[in-house]
Amino acid sequence: MADRYEPSSFEQKWQERWKEAELFVTRENPGAPKFYGMDFFPYPSGAGLSVGHCRNYVPTDVICRMKVMQGYNVLHPMGFDAFGLPAENEAIKRQSHPAPMIDRYADNYHRQMDLIGISYDWSRSFKSSDPSYYKWTQWIFEVLYKRGLAYRKLAAVNWDPVDKTVLADEEIVGGRAERSGALVEKKWIPQWFFKITDYAQRLIDDLDELDWPEGIKAQQRNWIGRSEGVQFAMSVDMEARGAEGEASGGRIDLDSAPSRPTPNASRLSFEVFTTRIDTVFGMTFCVLAPELPLVEELKRIVDREHVEAIEAYQLHARTMSDTDRQAENREKTGVFTGAYAINPANGKRVPIWIADYVLATYGTGAIMAVPGHDQRDFDFALKFGLDVVPVIQPTEEYLKSHQATLEDYAANVRAYTPVFESKDSVLMNSGEYDGISVAESQRLLGEWVEALGIGERKIQYKLRDWLISRQRYWGCPIPVIHSKEGEMQVVPKKDLPVELPWVENYEPTGDGTSPLAHIPDFVNCTDLDGRLGQRETDTMGGFACSSWYFLRFTDPHNENEAWSQEAANYWMPVDCYVGGAEHAVMHLLYARFWTKVLYDEGLVSVKEPFSRLENQGQVLAMTPYRKPREGEVLGIGEEGILTSFAEAKALPEDQLMWRWARMSKSKGNVVTPEEAVEQYGADALRMYLLFVAPFNADVQWSNEGMAGQARFLSRIFKLVDDLRPSYVPEWRDLIPFEEMDDAAKKVRRLTHQTVKRCTDDIDRFAFNTYVSWLMKYVNGLPSLSRQSRDGEGAGGGETRATALAVSEALETLILLLAPGAPHSSDELWASLGKDGFTLNEAWPRYEESLAAEESVTIAVQVNGKLRDTFEAPVSADNEELEMAAKGLPKVQPHLEGKTVRKVIVVPGKLVNIVAN
RNA sequence: GCCGGGAUGGCGGAAUGGUAGACGCGGCGGUCUCAAAAACCGUUGAUCCAAAAGAUCGUGCGGGUUCGAGUCCCGCUCCCGGCACCA
């Protein structure tokens, strides 16, 4: 047995033994509590795992291993998110079929995970592209469909011209497809949606009970975007037809008499939504989204000149890309429609404009514009010379900071930017509501709108329905048959799965149809009634597959059901779910939605799938960038141009910049687990990943850091080797009957303190301090055991008591180390003459009485400043402590010539003498 | 702009309102060695002092609460992440 950490001599051996013993197969001991620990479902990329991915898997493994040792039934599964765009794109690039390719990649992931000793139960593994899995994805589609939560409609959707498919809102970042980076275009295609909007409120409400990072919860709340307001009808003034003179300038005369309804004209009206009904008197114009159907109606009542202007603007809005539309600080654009509406609050006519700063997809697609108190409306009014009427009194501070009087402000609002938006002021220019507070008038005006019957208080969400269709081959087919008559039928459970046909050519067509549409054998079928029909040819986006896989893991081989109620009820929810923060509004929102639907359907007993969520930090590696050459332009926020390590070597220093960047194959800065294991060992890699930084913080990777952990492991091997002669295997039976001397007590004290800290730290994901405590333990043990060997008792020599305490320490050390460095622990365990695996041993228990200190160091402060410390027995009372503190020679000088006013004694901690 | 999270030695980071800097990396000094590496031992926040003893300062900035603040409160600055013309 070596006295050093020599990973190559034993790590692989233990991995083979674990496999042979089926050590990681899920235990289902009756009566034991359960723990479901899981990592995010990975897509197995061809690049393989980097040490960055290991930072996700190792900590989960540590907590799962500890839970096993604590006697929990632990479910710790791994599978692969195999369907989807990345896999298909990769296969096209390699001119192969995605199915065998993804199998190869998944096998490689599995091999790499074994290489670092992750304790997954591989007997439960599956890929989302297995027909035995997606059969049930299709079945859940049916559940959604039957509940009215899956529907098809013609929609303007995000079209990615590079990947040639439609994408969900969540997959678009800044107007570009997150994956391909292409500018997204608008395209009108019939699409499948899941009605997640029905669950918006529950998705917000139930966040409260989740033990998730606040940031992720906030992102979800934000994304769902609840706002409370009032929606009310505005009627179009049918006199508009004749209002030529005023129309061109757009300016209206606020003093003009309220217009009279025109009895004969057909009434036109539209609804607006506002969260600021208190500002309704300040409405000086209305704005419609250019694509709103109402605009077509307005065209019929205004003159030709305005129709032409409207159409020109509509064309402009339609052809503009989303990116241009979302460009920062964009100048406002828009045109006057020639029509007017009536402000119901004061009966005044307000011009109706169209502008693209109003979105057709939010609220009603139309707004009441209040330039006095909304920056966007203000900008628009300024640009087009529209009236600005303030209706909230500016506060004293506001006036002071703008060096203005109230009169001055009211007369020249246009000159004041930013717009006054305070919500703790009172109204003005608002008729009978003048002087009433903003909050109060919001309530009163809301009631007024409802009493008048023109509208109601309403809650709006930004969340839109989940677009699930993909016009791509490599995905789960949507199990629907279209009849010639245009009816739709969902394929019933007995006919599932609708299998994805194996074809050579599956490249996307780009015409808005799926490649499946060009496979007659797939498309043509008979429907439930025996009539000829055609299959739906869109496939589901990958997020459908990953919205329920955690349920399948509870019962992965079930051929008759997606899962048995018994299995799901036992294991769900996932107790600890670990992965990157980038899935905050996609996977994590979708999975919550599906779980709620399945709960409503009575298929699962939980409303939420993941009770605790942890996000690991990213692993950054030093990456070379160079200065841009002539003609090269840097993107926003870029400091240099990514270059290869090879090229960097050849560059002069002044051209080169080293930056920390996320480890990724494209940056060429990846360290693989193979390299790390080869050079330092799997346990050194694991321990370094745990120790290097807090779990959720980013890490600046260094290979040298692993050397430190290898050294630490070597010290453990050395320590165990040194202390082994003292080891008494039966210590547990003997120790209660042995009188403990001081040295033995000290060893036991340190042992039990360490057990407590390590256990707590793993539970709260503080893996860096878990490793610290082990280090401290290893540092402390030799001197303690030496003390004992040198003998506190007469004649020296190790006492029986110390030998027993050291035996306990040896076993405890190895078992506490086991989750972090399982190979080394099993090797050390065997070196004590033990059979079997540390994973099958009980996690050490902490005993308060043994961990308790006999004496404590008391800090002595004078006026809050530390002056000295002294040792006192734990039992010392306040008076004793105070006396002892006052008597200290180092304290005395600070009390000289002063009167003691007060003495604060915190037992076991400090004495603070207040004197002046 | 809005939301969330941060800021502690040369570096990564510890600290239930109670001795700031645990633990590690790096540095410095030493042991071993012909020498080096490795390993081991000691030391390591800053300033003042020949040194020790000691003193003073010190957790992004400015205030406050408290016997006592890295920690709590108010007001800022900067950094990271997310959302962003959502009415």
Side-chain angles (χ1 to χ4, degrees), chain A residues 4 173-174 213-223 225-227 229-231 272-277 279 286-287 289 325-330 332 355-359 361-370 373-377 379-380 418 421 460-464 581-582 584-585 615 617-618 687-688 691-694 696-700 702 704-705 707-709 711-712 714-715 718 757 766 768-779 857-870 890 893 901-915:
Chain A
R4 279 176 36 202
V173 177
E214 274 314 308
I216 301 286
K217 292 208 252 184
Q219 271 187 60
Q220 291 212 349
R221 285 193 195 98
N222 233 323
W223 186 263
R226 178 194 154 102
S227 22
V230 175
Q231 186 169 317
V272 295
F273 174 76
T274 179
T275 55
R276 296 297 305 274
I277 192 66
T279 63
C286 282
V287 188
R325 194 168 172 156
Q326 283 165 13
E328 249 179 286
N329 300 329
R330 221 184 101 230
K332 293 275 184 292
D356 64 5
Y357 84 92
V358 172
L359 308 176
T361 45
Y362 179 79
T364 61
I367 61 158
M368 67 172 212
V370 184
H373 303 285
D374 181 283
Q375 189 65 48
R376 297 156 301 187
D377 298 342
D379 294 343
F380 194 80
E421 291 184 75
Q460 274 291 340
Y461 301 92
K462 284 192 228 172
L463 185 71
R464 311 214 191 119
E582 65 274 14
V585 291
N615 297 128
Q618 299 182 5
M687 293 292 278
Y688 176 59
F691 180 69
V692 62
N696 55 12
D698 286 354
V699 170
Q700 299 178 346
S702 87
E704 294 71 40
Q709 292 303 315
R711 200 151 51 227
F712 170 55
S714 278
R715 294 223 317 273
K718 178 81 168 29
R757 303 307 295 251
N768 55 333
T769 49
Y770 153 64
V771 177
S772 295
W773 283 103
L774 286 178
M775 288 174 165
K776 226 174 150 167
Y777 191 32
V778 169
N779 291 344
T857 310
I858 304 292
V860 183
Q861 299 178 333
V862 177
N863 293 331
K865 263 190 186 163
L866 182 72
R867 294 305 173 186
D868 201 2
T869 62
F870 69 98
K890 285 185 187 172
R901 301 287 174 196
K902 196 172 175 183
V903 179
I904 285 109
V905 181
V906 183
K909 296 269 190 199
L910 63 64
V911 177
N912 186 12
I913 302 165
V914 185

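The analysis underlying the following values was restricted to heavy atoms, covering all of them including side chains, and did not include hydrogens, waters or symmetry mates. Chain naming here is simple, since letters A, B, ... match the order of the sequence lines and numbering starts at 1 in each.
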My understanding is that a pair needs two contacts under 3.5 Å, Watson-Crick or G-U wobble. By that rule, which nucleotide pairs with B/rG81?
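Its partner is B/rC3.
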Distance from A/Thr769 atom OG1 to A/Leu774 atom CG, nearest 0.5 Å?
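Rounded to the nearest 0.5 Å, the OG1-CG separation comes to 10.0 Å.
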Which whole number of Å gives the distance between the C1' atom of B/rA37 and that of B/rC32?
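My reading of the C1' atoms in B/rA37 and B/rC32 gives 12 Å.
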Rounded interatomic separation in angstrom, taking NE2 from A/His373 and P from B/rA87
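It is 17 Å, rounded to the nearest whole Å.
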Students often get this wrong, so: under 4.0 angstrom with heavy atoms, is A/Val692 touching a base, only sugar-phosphate, or nothing?
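Contact class for A/Val692: sugar-phosphate only.
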Between B/rG58 and B/rG64 - P atom distance, rounded Å:
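So the two P atoms sit 15 Å from each other.
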A/Asn222 side chain: which of B/rC3, B/rA87, B/rG13 is closest?
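Selected nucleotide: B/rC3.
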Does A/Pro694 reach a base, just sugar-phosphate, or nothing at all? Heavy atoms under 4.0 Å.
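Here A/Pro694 touches the backbone only, sparing every base.
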Once you apply a heavy-atom cut-off of 4.0 Å, does A/Thr869 come out as touching a base, just sugar-phosphate, or nothing?
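Touches a base.
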Any strand: nucleotide that pairs with B/rG12 via Watson-Crick or wobble, under 3.5 Å:
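Its partner is B/rC23.
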For A/Asp374, which residues count as a salt bridge (Lys or Arg N to Asp or Glu O under 4.0 Å) partner, sequence neighbours excluded?
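Only A/Arg376 meet the salt bridge (Lys or Arg N to Asp or Glu O under 4.0 Å) criterion with A/Asp374.
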Taking pairing as Watson-Crick or G-U wobble with both contacts under 3.5 Å, can you name the mate of B/rG17, or confirm there isn't one?
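Checking every strand shown, B/rG17 finds no partner, since no pair has both distances under 3.5 Å.
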Return the nucleotide paired to B/rG70: Watson-Crick means purine N1 to pyrimidine N3 with N6-O4 or O6-N4, wobble means G-U with N1-O2 and O6-N3, both under 3.5 Å.
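For B/rG70, the partner nucleotide comes out as none, under the 3.5 Å rule.
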Could you check which nucleotide pairs with B/rG42 in any of the strands shown, counting Watson-Crick or G-U wobble with both distances under 3.5 Å?
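The answer is B/rC28, by the H-bond criterion.
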Under 4.0 Å, heavy atoms only, any strand: does A/Ser702 hit a base, just the sugar-phosphate, or nothing?
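Contact class for A/Ser702: none.
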Integer angstrom distance from the C1' of B/rA22 to that of B/rU8
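Straight-line distance between the two C1' atoms is 13 Å.
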A/Lys332 NZ/CZ over A/Tyr357 ring centroid, <6.0 Å and within 45° of normal
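The answer is yes; both the distance and angle limits are met.
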Take the protein atom CD of A/Gln618 and the nucleotide atom C1' of B/rG82, then report the distance between them rounded to whole Å.
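Spelled out: CD on A/Gln618 to C1' on B/rG82 is 13 Å.
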Whole-Å C1' distance, B/rG4 and B/rG21
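About 28 Å, rounded to a whole number of Å.
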Heteroatom pairs (N/O) under 3.5 angstrom, protein to nucleotides 51-60 of chain B:
from: B/rG54; atom 1: OP1; to: A/Lys890; atom 2: NZ; distance (Å): 3.0
from: B/rA55; atom 1: OP1; to: A/His894; atom 2: NE2; distance (Å): 3.2
from: B/rU56; atom 1: OP2; to: A/Arg867; atom 2: NH1; distance (Å): 3.0
from: B/rC57; atom 1: OP2; to: A/Lys865; atom 2: NZ; distance (Å): 3.0

Side-chain donor/acceptor contact of A/Lys332 with base of B/rC85 under 3.5 Å:
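A donor-acceptor contact between them is present.
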side-chain contact (heavy atoms from CB on, under 4.5 Å) assessment of A/Gln709 paired with A/Val771:
CA-CA 10 Å; A/Gln709 292 303 315; A/Val771 177; 4.0 Å; yes
Mapping A/Ile858 and A/Ile904 onto RNA chain B by nearest heavy atom, which one lands closer to the 5' end?
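The 5'-side residue here is A/Ile858.
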Scoring nucleotides 20-28 of chain B by protein non-hydrogen atoms under 4.0 Å (B base, S sugar-phosphate only, - none) yields --BBSS---
Does OP1 or OP2 of B/rA87 have a side-chain N or O of A/Tyr362 closer than 4.0 Å?
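Yes, such a contact exists.
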Along RNA chain B (nearest heavy atom to each residue), the more 5'-positioned of A/Ala218 and A/Gln460:
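The 5'-side residue here is A/Ala218.
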Of the nucleotides B/rC85, B/rG18, B/rA87, which one has an atom closest to the side chain of A/Val358?
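Between B/rC85, B/rG18, B/rA87, the one nearest the side chain of A/Val358 would be B/rA87.
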Anything under 30° is parallel, anything over 60° is perpendicular, the rest tilted; go ahead and classify A/Tyr362 against A/Phe273.
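Answer is perpendicular, since the angle exceeds 60°.
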Paired with B/rG58 by Watson-Crick or G-U wobble geometry, both distances under 3.5 Å: which nucleotide is it?
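Pairing partner, where one exists within any strand: none, as none qualifies.
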